Amino acid sequence: MVIKVFLASSSGSTAIKKKQQDVLGFLEALKVDYAPLDIACNEDNRMWMRENVPVEKKPTNGIPLPPQIFNEESYCGDYETFFDAKEDNAVFAFLGLPPPPGSKEAKEAEKAFILENGPVENGTVENETVENGTDDAEDEENLEAEEVEEENLDDDSLKREVPMEEFNGDEHTDEVEAEVGGETGEEAAEEAAEEDAAAEEKVAKEEEEEVVENTEEAAEDTAPVKQEEAQEEVEDEEAKEEEELRQLEQEEEDE
């Protein structure tokens with residue numbers, strides 16, 4: 001694979017010259033083999049570059065400016081995308097080349113690969129035997145094992161091994177508690193309702209008896225008072241009668 005860098009050797013733009021120098025200098029620092037292709041002196045290079053830059057990557061005027069980078073016939077990008085790849089330590093990925101072993105980009109790629117596919121052992125993914133078709137067989141075996149496990153979960157024998165309270169939850173516990181001496185839940189509920197009614201009736205009766213007792217006690221407490229009052233009234237009447245008799249006697253004596 002040859003990296004092609006299309007340049008303009010006689011460009012009058014200082015910005016274009018600087019961008020071209022940055023690209024070439026960085027490729028040399030990375031020891032990447034590339035082929036500089038001048039579009040200023042070679043019309044074929046100019047036409048090829050313009051025709052092979054994707055339409056969506058071209059500027060509004062439709063004429064792409066150098067530097068433009070290709071990997072053989074595949075378009076990599078312009079200076080801006082190259083610069084972004086350099087900032088992200090992904091130049092080799094940008095160029096479509098494998099990073100050299102031990103480079104920072106290779107380490108980053110290895111980390112990303114491990115995160116996506118699992119740990120690597122001896123340079124290959126652990127248990128990776130896709131070429132021999134064993135991965136598909138393992139997947140099928142795992143799928144069959146999962147199906148068997150689901151079937152076993154539906155088996156009544158396994159259900160019996162699970163405590164009924166855990167298997168059916170509180171609903172089953174309530175049913176077991178309700179079934180005393182062969183009684184059904186409805187019968188137990190009726191008995192409970194009858195017991196509650198009897199308890200309420202008993203409480204009401206006790207309250208009624210207490211009210212009667214309190215009334216009788218109050219009557220007993222007030223009876224002596226009433227008797228005393230009646231006695232006092234009788235005495236007052238007698239005293240009045242005696243007084244009247246004395247007055248009559250006195251009047252008779254005076255006469």
Side-chain angles (χ1 to χ4, degrees), residues 1-140:
M1 294 183 290
V2 178
I3 302 301
K4 300 177 182 179
V5 183
F6 289 86
L7 310 169
S9 58
S10 60
S11 175
S13 172
T14 304
I16 290 177
K17 288 181 179 180
K18 184 178 183 306
K19 291 177 180 179
Q20 292 175 165
Q21 291 173 357
D22 286 347
V23 171
L24 297 181
F26 199 75
L27 292 177
E28 290 175 359
L30 294 177
K31 298 180 180 180
V32 174
D33 294 332
Y34 66 91
L37 302 175
D38 191 359
I39 64 173
C41 301
N42 190 316
E43 186 65 22
D44 292 339
N45 290 340
R46 182 199 300 268
M47 295 303 297
W48 192 94
M49 183 194 76
R50 291 183 177 180
E51 290 174 358
N52 287 276
V53 172
V55 176
E56 65 272 12
K57 301 295 183 181
K58 291 181 180 180
T60 54
N61 60 8
I63 301 175
L65 299 176
Q68 297 290 336
I69 306 167
F70 288 80
N71 184 337
E72 293 291 351
E73 309 298 323
S74 300
Y75 179 70
C76 297
D78 55 8
Y79 174 79
E80 281 72 20
T81 51
F82 176 84
F83 181 82
D84 292 340
K86 183 174 70 171
E87 290 294 317
D88 295 337
N89 294 316
V91 173
F92 286 94
F94 168 81
L95 297 174
L97 299 175
S103 65
K104 187 173 183 179
E105 186 172 344
K107 293 178 181 178
E108 293 293 333
E110 184 177 353
K111 288 180 181 179
F113 185 81
I114 291 174
L115 290 174
E116 182 177 356
N117 300 297
V120 176
E121 184 177 330
N122 298 328
T124 59
V125 179
E126 229 177 83
N127 299 328
E128 184 179 6
T129 52
V130 178
E131 293 179 358
N132 296 328
T134 55
D135 271 0
D136 293 336
E138 290 179 358
D139 291 340
E140 291 179 359

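Excluded from the calculations below are hydrogen atoms, water molecules and symmetry mates; all remaining heavy atoms, backbone and side chain alike, are included. Owing to the predicted nature of the structure, the values given are computational and were not obtained by experimental measurement.
For the side-chain contact (heavy atoms from CB on, under 4.5 Å) test, residues two or more places apart in sequence or in another chain that qualify with D44 are N42. Remark: N45 engages no residue in a side-chain hydrogen bond (donor to acceptor under 3.5 Å, both in side chains) (not counting sequence neighbours). Residues that satisfy the side-chain hydrogen bond (donor to acceptor under 3.5 Å, both in side chains) test with E43, not counting sequence neighbours, are R46. Annotation: ring-ring contact (aromatic ring centres under 6.0 Å, His included) contacts of Y75 (sequence neighbours excluded): F70. For E28, the side-chain hydrogen bond (donor to acceptor under 3.5 Å, both in side chains) test picks out Y34, with sequence neighbours left out. Partners of K18 under the salt bridge (charged side-chain N to carboxylate O under 4.0 Å, His left out) rule, at least two apart in sequence or in another chain, are D22. Scanning for side-chain hydrogen bond (donor to acceptor under 3.5 Å, both in side chains) contacts around T81 gives D78, with sequence neighbours left out. P98 is linked by a side-chain contact (heavy atoms from CB on, under 4.5 Å) to nothing, counting only residues two or more places apart in sequence or in another chain. Judged as a side-chain contact (heavy atoms from CB on, under 4.5 Å), and not counting sequence neighbours, the contacts of K19 are P67, Y79, E80. F83 pairs by the ring-ring contact (aromatic ring centres under 6.0 Å, His included) definition with nothing, not counting sequence neighbours. With sequence neighbours excluded, no residue forms a side-chain contact (heavy atoms from CB on, under 4.5 Å) with S74.
Annotation: the span from L97 atom CG to N71 atom CG amounts to 5.5 Å, rounded to 0.5 Å.
With contacts defined as side-chain heavy-atom distances shorter than 4.5 Å, the pair V91/V32 does not qualify. Contact of the V5 side chain with the L24 side chain is registered, since non-hydrogen atoms from C-beta on lie closer than 4.5 Å. The side-chain heavy atoms of V23 and I69, taken from C-beta on, include a pair separated by under 4.5 Å. Taking 4.5 Å as the limit, every side-chain heavy atom of F6 sits out of range of all side-chain heavy atoms of N52.
The main-chain N or O of S11 is found under 3.5 Å from a side-chain atom of K17 such that the two form a donor-acceptor pair. Side chain of D38 to backbone of S9: a donor-acceptor contact under 3.5 angstrom is found.
The two residues C76 and F94 make their nearest non-hydrogen contact at O-CE1, 3.3 Å. Across all non-hydrogen atoms, the minimal contact from V53 to Q68 is CG2-OE1, 4.0 Å. The shortest non-hydrogen separation linking E72 to W48 is O-CH2, 3.9 Å. Smallest separation of non-hydrogen atoms from L95 and I3: O-CD1, 3.8 Å.
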Please tabulate, one pair per line, all N/O donor-acceptor pairs under 3.5 Å involving side-chain atoms of residues 54-66, not counting sequence neighbours.
from, atom 1, to, atom 2, distance (Å)
K58, NZ, R50, O, 2.9
N61, OD1, I63, N, 3.0

